[in-house]
Amino acid sequence: MKKQFFILFALIISTFSACDLKEKVTSATDAVSDGGIVEDTEMDLYLNDAVAVSEIELAKQADPTRQAQASSTEPCYVATYNLAEKKLTIDFGEGCTYNGFERTGKIILTLKSVSYPILFPVTKGAIWEMTFEDYTVAGYALEGSRSIKNITEDPLNEEKTYEITLNNLKITKNGKSTQRNGVIYERTTISASEFTGSEKAYWGTINGITSDDTSYTHTTEEQNAIIYKVDCISQGFVFPSSGIKKMEWNGNARTIDFGSGDCDNTFTVSQGFVSFTVTFENGEVKISK
């Protein structure tokens, strides 16, 4: 049962800068950067980072012997677990660097809907909510909440399914904000080795607003779920290995395709008869038609 607690994506932190990403992609072609593509990528990067940080600490709370495996970086934060409130606070104070990013403030995890003090939704109906208090990462401020509810029928099943609610999530830098709401689903599959073969799959609908107040919708169907493989993440590949997002905004439609399962830092953006391949290589972005 202990391995159910273990973080699948402790190495999800990437080596490239989202700020550099935005500058390079925008300068390369507006066709890729418009419609919230870059801002949505930034939201994915820093929200996934916060989830990874929280899951690392949850894994350590569940099994302290796993600390060495959970992260390659010594924590600069202070983690406090309030048993009475079933609340875990990860406090970066006024600023410290963890996994390559300068951080401030707090990530707060609160267990809800169950009576026992285990801070992870291992049984059906359990919910934990992630919120932020003056939290920034790499100069981006995160606000709002992300709740994850276990909807798995069999608590002993190695494959677990969760319902994730994104409530007024917002990421802000230099006065510009992008927002996200919606309900998505996560299916976590843990292999016997915990690393080789383990993966997370995501599908559902996200409604977003870009910094220029453009509303958009991302939809991923379960049969085309976004797949993150532990094997790939552990090798430093930060993007999903497969899956398809369908994006719509202002009457426009676009498809974002992460491939068919290979470990790479590449995805394809298609709109009508035009498509672009975006590749991340040694921290550099290469875009080709």
Summary of salt bridge (Lys or Arg N to Asp or Glu O under 4.0 Å) pairs that have at least one residue in residues 206-221, sequence neighbours excluded: none
Shortest non-hydrogen contact from W249 toward T214: CD1-CG2, 3.6 Å
F239 ring center within less than 6.0 Å of Y228 ring center: no
Lys/Arg-Asp/Glu bridge criterion (N-O < 4.0 Å) met for K112, E129: yes
Cationic N near anionic O, under 4.0 Å, K200 to E55: yes
Between T97 and E102: side-chain donor-acceptor atoms closer than 3.5 Å: yes
Counterpart residues, side-chain contact (heavy atoms from CB on, under 4.5 Å), relative to I206 (two or more places apart): L166, R180, I184, H218
Parallel, tilted or perpendicular: rings of F101 and Y46 (30°, 60°): perpendicular
D257 bridged to K246 by N-O distance under 4.0 Å: no
E248: salt bridge (charged side-chain N to carboxylate O under 4.0 Å, His left out) partners, not counting sequence neighbours: none
Side-chain touch T152/K124, heavy atoms, less than 4.5 angstrom: no
From CA spacing to verdict: side chain to side chain contact (heavy atoms under 4.5 Å, CB included), N168, E143: CA-CA 8 Å; N168 293 325; E143 302 174 67; over 6 Å; no
Y98 ring center within less than 6.0 Å of Y77 ring center: yes
Charged N-O contact under 4.0 Å between K245 and D40: yes
